[in-house]
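Written out below as C-alpha cells is the structure these notes cover.
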Amino acid sequence: MDSAILLVLGIAGVVSITVFAVKGILDQLPEVAESWHRAKRAFRNNDQPDSDSDDQPDLDSDAT
C-alpha cells in the first residue's frame with residue numbers, strides 16, 4: 001500500500017513538473033514568433049532599397 005502511494009505521488013510530481021515546463025515554453029512562443037517576423041522583415045528590407053528613406057544618411061557615399 002505504501003509503495004502505491006509513493007508511486008502516485010511520484011507520478012503526480014512528474015506530471016506537475018512537465019505541465020510547468022510546457023506552460024513556460026508555450027508562454028514564450030508569441031515572443032519568439034514576433035522576433036521571427038521582425039527578423040524576416042529586417043532581412044527583406046535589407047534586400048530591397050527603400051524609396052522613402054530620404055531622412056536617413058547614405059552610408060555608402062564618401063561625402064563628409
Side-chain angles (χ1 to χ4, degrees):
M1 184 69 178
D2 288 340
S3 62
I5 293 173
L6 288 176
L7 180 66
V8 169
L9 286 174
I11 291 172
V14 168
V15 168
S16 172
I17 290 171
T18 303
V19 168
F20 181 75
V22 168
K23 182 188 177 301
I25 291 171
L26 290 177
D27 284 344
Q28 293 178 358
L29 280 180
E31 296 171 4
V32 170
E34 182 180 340
S35 296
W36 174 254
H37 289 295
R38 275 189 307 205
K40 281 185 3 184
R41 271 187 248 125
F43 282 119
R44 194 176 303 138
N45 286 342
N46 283 342
D47 292 341
Q48 300 171 355
D50 290 338
S51 61
D52 58 351
S53 63
D54 294 334
D55 57 343
Q56 296 178 351
D58 187 16
L59 299 176
D60 294 333
S61 66
D62 294 328
T64 55

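- When hydrophobic residues (I, L, V, M, F, W, Y) are linked wherever their side-chain heavy atoms come within less than 4.5 Å, the members clustered with V22 are L26, L29.
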Stepwise side-chain contact (heavy atoms from CB on, under 4.5 Å) test for E31 and E34: CA-CA 5 Å; E31 296 171 4; E34 182 180 340; 5.6 Å; no
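- For residues 8-19, there are no salt bridge (Lys or Arg N to Asp or Glu O under 4.0 Å) pairs, not counting sequence neighbours.
- In terms of heavy-atom proximity, T18 sits nearest to V14 at OG1-O, 2.7 Å.
- Looking at S16, its side chain never comes within 3.5 Å of a backbone N or O of A12 through a donor-acceptor pair.
- Every residue two or more places apart in sequence or in another chain that forms a side-chain contact (heavy atoms from CB on, under 4.5 Å) with K23 is listed here: D27.
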Which pairs would a plain distance check flag for residues 1-11, meaning a side-chain donor or acceptor within less than 3.5 Å of a matching protein atom at least two apart in sequence or in another chain?
none

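- In this view, I17 satisfies the side-chain contact (heavy atoms from CB on, under 4.5 Å) rule with no residue, not counting sequence neighbours.
- Applying the salt bridge (Lys or Arg N to Asp or Glu O under 4.0 Å) test to every pair with at least one member in residues 4-15, sequence neighbours left out, gives no pairs at all.
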